[in-house]
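In the text below, chain A, chain B and the rest are named by the order of the sequence lines, each starting its count at 1.
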Protein chains: 2
Amino acid sequence: MNNREREMTAEVLKAMAHPVRLGVIELLAEGEKTCTELFENLECSQSMMSQQLKILCQQGLVAIRKEGTQKYCALQNPDFLKLFDCMHKHLRTFLHFKD
Amino acid sequence: MNNREREMTAEVLKAMAHPVRLGVIELLAEGEKTCTELFENLECSQSMMSQQLKILCQQGLVAIRKEGTQKYCALQNPDFLKLFDCMHKHLRTFLHFKD
DNA sequence: TCCAAACATTAGAAAATTATAATGTTATAA
DNA sequence: TTATAACATTATAATTTTCTAATGTTTGGA
């Protein structure tokens with residue numbers, strides 16, 4: 001990796017590195033969800049969710065489809081889903097989620 | 001993932017999400033390096049490197065072994081190396097490193 | 001046309017991160 | 001024992017992130 005690649009990679013990792021945004025990715029792995037479904041499930045404010053979704057979209061992780069007054073969010077890229085699955089699998093062994 | 005797990009995961013991702021720290025991980029994937037080798041290769045100040053290494057150690061990503069006046073850094077956990085390889089592989093297809 | 005639901009934007013305070021400069025510590029070699 | 005190489009710590013300024021509260025926009029239904 002050259003420095004530019006490391007910077008781009010860091011940006012994507014930063015976009016993932018937040019509890020709410022991780023929750024969004026996790027929920028979207030199940031399939032499309034509306035913004036309301038997301039913030040209700042993840043117990044955060046509507047405003048918070050809107051801002052976090054913006055970050056995920058800007059990094060190309062999430063795509064949004066409009067339908068009437070609602071917006072449906074989905075994971076943008078199947079490669080990213082593979083990345084996330086892989087990451088999640090290894091993190092479970094790396095972090096021993098105990099207590 | 002529950003919320004606690006998402007917070008722990010976010011912490012690890014944050015620890016990775018920095019160009020210098022990604023560079024450290026990349027170099028250490030080749031094998032042990034001293035702190036000086038790291039900051040010389042990555043073109044950052046000694047102080048900067050010391051601080052970034054502290055972050056990587058705190059998250060359990062890097063281990064440090066002392067030998068005389070030098071310190072040898074290495075990746076702490078083989079599971080993490082697998083995680084990083086996997087992540088890197090998928091990121092290369094996800095981010096199309098072009099410019 | 002008017003209201004409400006769904007979502008976005010803005011403003012601003014608090015906290016965290018980043019980076020640099022200066023200084024401190026420790027161990028070895030001379 | 002003194003100087004130096006290797007590394008750590010501290011202080012601090014600048015920037016970024018996080019979060020909440022308030023307000024704005026758009027769309028569909030009554």
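- With sequence neighbours excluded, the residues forming a disulfide (SG to SG under 2.5 Å) with Cys86(A) are Cys86(B), listed by chain and number.
- Pairs of residues two or more places apart, or lying in two chains, that qualify as side-chain hydrogen bond (donor to acceptor under 3.5 Å, both in side chains) and include a residue from residues 38-47 of chain A are Ser47(A)-Gln51(A).
- Applying the side-chain hydrogen bond (donor to acceptor under 3.5 Å, both in side chains) test to Asn77(B) and every residue at least two apart in sequence or in another chain returns nothing.
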Identify every side-chain donor-acceptor pair in residues 54-64 of chain B under 3.5 Å, counting partners at least two apart or on other chains, and give the distances.
none

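- An angle of 10°, rounded to 10°, separates the two end axes of the helix from dT1(C)-dA30(D) to dA30(C)-dT1(D), each defined over five pairs.
- Straight-line distance from the CE atom of Met16(A) to the C1' atom of dT17(D): 17 Å, rounded to whole Å.
- Residue Gln52(B) contributes atom CD, which lies 12 Å from atom C1' of dT20(C) at whole-angstrom precision.
- Sorted by residue number, the list of members of residues 19-31 of chain B with any non-hydrogen atom under 4.0 Å from DNA chain D is empty.
- Every residue was checked against the side-chain hydrogen bond (donor to acceptor under 3.5 Å, both in side chains) condition with Glu11(B), not counting sequence neighbours, and none meets it.
- For Lys89(B), there are no salt bridge (charged side-chain N to carboxylate O under 4.0 Å, His left out) partners two or more places apart in sequence or in a different chain.
- Atom P of nucleotide dT17(D) and atom CG of Leu13(A) are separated by 14 Å, given to the nearest angstrom.
- Rounded to whole Å, the distance from CD on Glu40(B) to C1' on dC7(D) is 13 Å.
- Between Gln59(A) atom CD and dT17(D) atom C1' the separation is 14 Å, expressed in whole Å.
- Looking at Thr34(A) and Lys71(A), their side chains never come closer than 4.5 Å, going by heavy atoms from C-beta outward.
- Atom-to-atom, CD of Glu7(B) to P of dT17(D) comes out at 19 Å; the value is rounded to the nearest Å.
- Within the structure, every side-chain polar atom (N or O) of Lys66(A) is placed at least 4.0 Å from both OP1 and OP2 of dT26(D).
- A straight line from CG of Leu42(B) to P of dA19(C) spans 13 Å, rounded to a whole angstrom.
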Anything under 3.5 Å between a donor and an acceptor, one on a side chain of residues 19-26 of chain A, the other on a protein residue two or more places apart or in another chain? List them.
unit_1   : atom_1 : unit_2   : atom_2 : d
Arg21(A) : NE     : Ala15(A) : O      : 2.7
Arg21(A) : NH1    : Gln52(A) : OE1    : 2.5
Arg21(A) : NH2    : Lys14(A) : O      : 3.0
Glu26(A) : OE1    : Arg6(B)  : NH1    : 3.3
Glu26(A) : OE2    : Met1(B)  : N      : 2.8

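- Taking the salt bridge (charged side-chain N to carboxylate O under 4.0 Å, His left out) definition, one finds that Glu30(A) meets it with Lys33(A), sequence neighbours left out.
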Between the protein and nucleotides 6-8 of chain C, which nitrogen or oxygen pairs come in under 3.5 angstrom?
unit_1 : atom_1 : unit_2   : atom_2 : d
dA6(C) : O4'    : Thr69(A) : OG1    : 3.2
dA6(C) : O3'    : Thr69(A) : O      : 3.4
dC7(C) : OP1    : Lys71(A) : N      : 2.8
dC7(C) : OP1    : Lys71(A) : O      : 3.3
dC7(C) : OP2    : Thr36(A) : N      : 2.8
dC7(C) : OP2    : Thr36(A) : OG1    : 2.2
dA8(C) : OP2    : Ser50(A) : OG     : 2.7
dA8(C) : N7     : Gln46(A) : NE2    : 2.8
dA8(C) : N6     : Gln46(A) : OE1    : 3.3

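- Minimum interatomic distance between Cys44(B) and Met48(B) (heavy atoms only, all atoms of both residues): SG-CG, 3.9 Å.
- One finds no side-chain N or O of Lys14(B) lying less than 4.0 angstrom from the OP1 or OP2 phosphate oxygen of dT17(D).
- The residue among Ala17(A) and Glu67(A) whose nearest nucleotide of DNA chain D is located toward the 5' end is Ala17(A).
- In this structure, Arg65(B) atom CZ and dA6(D) atom P are separated by 16 Å, rounded to whole Å.
- Residues satisfying the salt bridge (charged side-chain N to carboxylate O under 4.0 Å, His left out) test with Glu32(B), not counting sequence neighbours, are Arg65(B).
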